[in-house]
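Every heavy atom of this structure was used, including side-chain atoms; hydrogens, water molecules and symmetry mates were not. For ligands, and for the atoms within them, numbers begin at 1 and follow the listed sequence.
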Amino acid sequence: MTRQIKVGKFKIGGGADIAIQSMAKTDTRDVAATVREIKALENAGCEIARVAIKDFQAASAIKNIRKKIKIPLVADIHFDHRLAIACIENGADKIRLNPGNIHREEHVIEVAKLAKKRHVPIRVGVNSGSVRLEAQGSRLKAEGLRLNADALVKSALDYIKILEKAKFYDIIVSLKASDVLTTIEAYRKFSKKSDYPLHLGVTAAGPIATGLVKSAIGIGVLLLEGIGDTIRVSLTGNPCEEVIAAKNILQALNLRNFGPEIISCPTCGRCQVDLQSVVKRLAFSLQPSAFSQKAVKIAVMGCEVNGPGEAKEADIGIAFGKNAGVLFKKGKVVKKVKTKDAIKAILNNI
Ligand code: SF4
């Protein structure tokens, strides 16, 4: 169990729901474009949004962006601690500092003092691409594959000591590597040594197909072990895809419910209907709507081999034959429906 901190209205850690984060991909200085992207993220279900702060113009944009969005806004800071100070003054709900490039103790303490005064939490965002070399040391280097995980953990723990010197404890930690196994190892090791809440993610996970797999494995393994308090799926693509992926990971692990879940077979030579099209249309009909919060499992199966079994197990199910299917609700047969009426029949029974 981690300690709990607050980011805007969201509680992170201490058994709170695992919050979904993403990051705008716009130039933060372009307030209109950034607000547009964050609003799209909000609609997709993002609960905390981060923006990159490259310069003081971006830091001052925080003020205007903040006014126009509903979810907490996180300022992502590298290299210059004065940008963090400007963002706190401009109303950022959380600051991410990179120990790899903001490491002078007096700078970190200066940021921590202001953050404490304004009740703004800080994420110690360690990243394998920018971890401080001096954190590794020759002993760690000798450990081969473990070098990176140990270096990530040490980097975070050293930084936390500096923040704690300033009596600052509203800390969240991330230990992201682009390698899934290193990421898992780093979070496991850190969680044995500290109870600060953890922001999970596999950094630079890649384009959608590979990024989804790496993130689902990295984040999923840790969540199954009870490690992690908030997640960000990192994909080279539309950030709304990151949010959908995060929701799917949490729902697959039964950690949160975001609405109906479709269970459908891959189809094979036994299938006599266009199941792909039925499932696609059903998924479209279930997009945010009156049904969106209902935790129902809907099975859509292509034939009588596994079809009736899965359809009976789900809350609602349909097992197709030729041009028609048998509709089940809570394990009982409701009726036989023609393929063209299947979606309507499913929706009517939710
Ligand atoms: S349920 Fe039937 S159609 Fe679907 S994959 Fe299994 S055997 Fe093939």
Side-chain angles (χ1 to χ4, degrees), residues 44-45 180 202 205-224 231 233 235 237-238 240-350:
V180 176
V202 176
I208 300 217
T210 47
L212 284 177
V213 174
K214 284 188 189 178
S215 299
I217 294 172
I219 294 172
V221 163
L222 290 163
L223 288 175
L224 270 177
I231 65 174
V233 173
L235 298 173
N238 184 327
C240 291
E241 298 283 350
E242 298 183 356
V243 175
I244 293 162
K247 284 169 136 178
N248 287 337
I249 291 171
L250 294 175
Q251 183 138 348
L253 296 171
N254 282 341
L255 290 169
R256 291 188 65 182
N257 162 51
F258 298 100
E261 180 181 337
I262 298 176
I263 294 152
S264 58
C265 79
T267 80
C268 69
R270 289 192 181 87
C271 186
Q272 298 181 80
V273 294
D274 182 358
L275 203 79
Q276 279 191 36
S277 138
V278 172
V279 169
K280 210 166 163 183
R281 283 186 289 129
L282 178 63
F284 185 77
S285 308
L286 292 171
Q287 279 179 346
S289 68
F291 309 117
S292 66
Q293 291 308 313
K294 282 201 180 179
V296 284
K297 285 192 196 284
I298 304 168
V300 183
M301 303 295 291
C303 81
E304 65 282 1
V305 174
N306 295 317
E310 289 291 348
K312 275 184 199 162
E313 283 297 309
D315 297 300
I316 298 159
I318 190 158
F320 283 103
K322 193 174 181 188
N323 300 323
V326 179
L327 186 73
F328 294 81
K329 188 169 184 178
K330 301 278 177 209
K332 299 215 162 59
V333 174
V334 178
K335 60 178 175 177
K336 196 170 171 185
V337 288
K338 289 187 178 151
T339 307
K340 68 177 178 52
D341 300 325
I343 291 171
K344 203 168 157 207
I346 291 169
L347 296 179
N348 285 341
N349 279 280
I350 290 179

Inset, instruction - Could you walk me through whether Ile318 and Met301 pass the side-chain contact (heavy atoms from CB on, under 4.5 Å) test, one step at a time? - result: CA-CA 6 Å; Ile318 190 158; Met301 303 295 291; over 6 Å; no
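- Salt-bridge annotation for Lys330 and Asp315: present, with a side-chain N of the basic residue lying under 4.0 Å from a carboxylate O of the acidic one.
- Around atom 4 (Fe) of ligand 1, the protein N, O or S atoms closer than 2.8 Å are Cys265 SG, listed by chain and residue number.
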Inset, instruction - Applying side-chain contact (heavy atoms from CB on, under 4.5 Å), run through Asn238 and Ile208 and close with a yes or a no. - result: CA-CA 9 Å; Asn238 184 327; Ile208 300 217; over 6 Å; no
Inset, instruction - Please report the C-alpha distance between Asn257 and Gln251 in whole Å, then the side-chain angles of each, then the deciding distance to 0.1 Å, and finally whether the side-chain contact (heavy atoms from CB on, under 4.5 Å) criterion is met. - result: CA-CA 5 Å; Asn257 162 51; Gln251 183 138 348; 3.8 Å; yes
Legend entry - side-chain contact (heavy atoms from CB on, under 4.5 Å) between Val300 and Phe320, worked out: CA-CA 8 Å; Val300 183; Phe320 283 103; 3.9 Å; yes
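- To the nearest 0.5 Å, atoms CG (Asn323) and NZ (Lys340) are separated by 11.0 Å.
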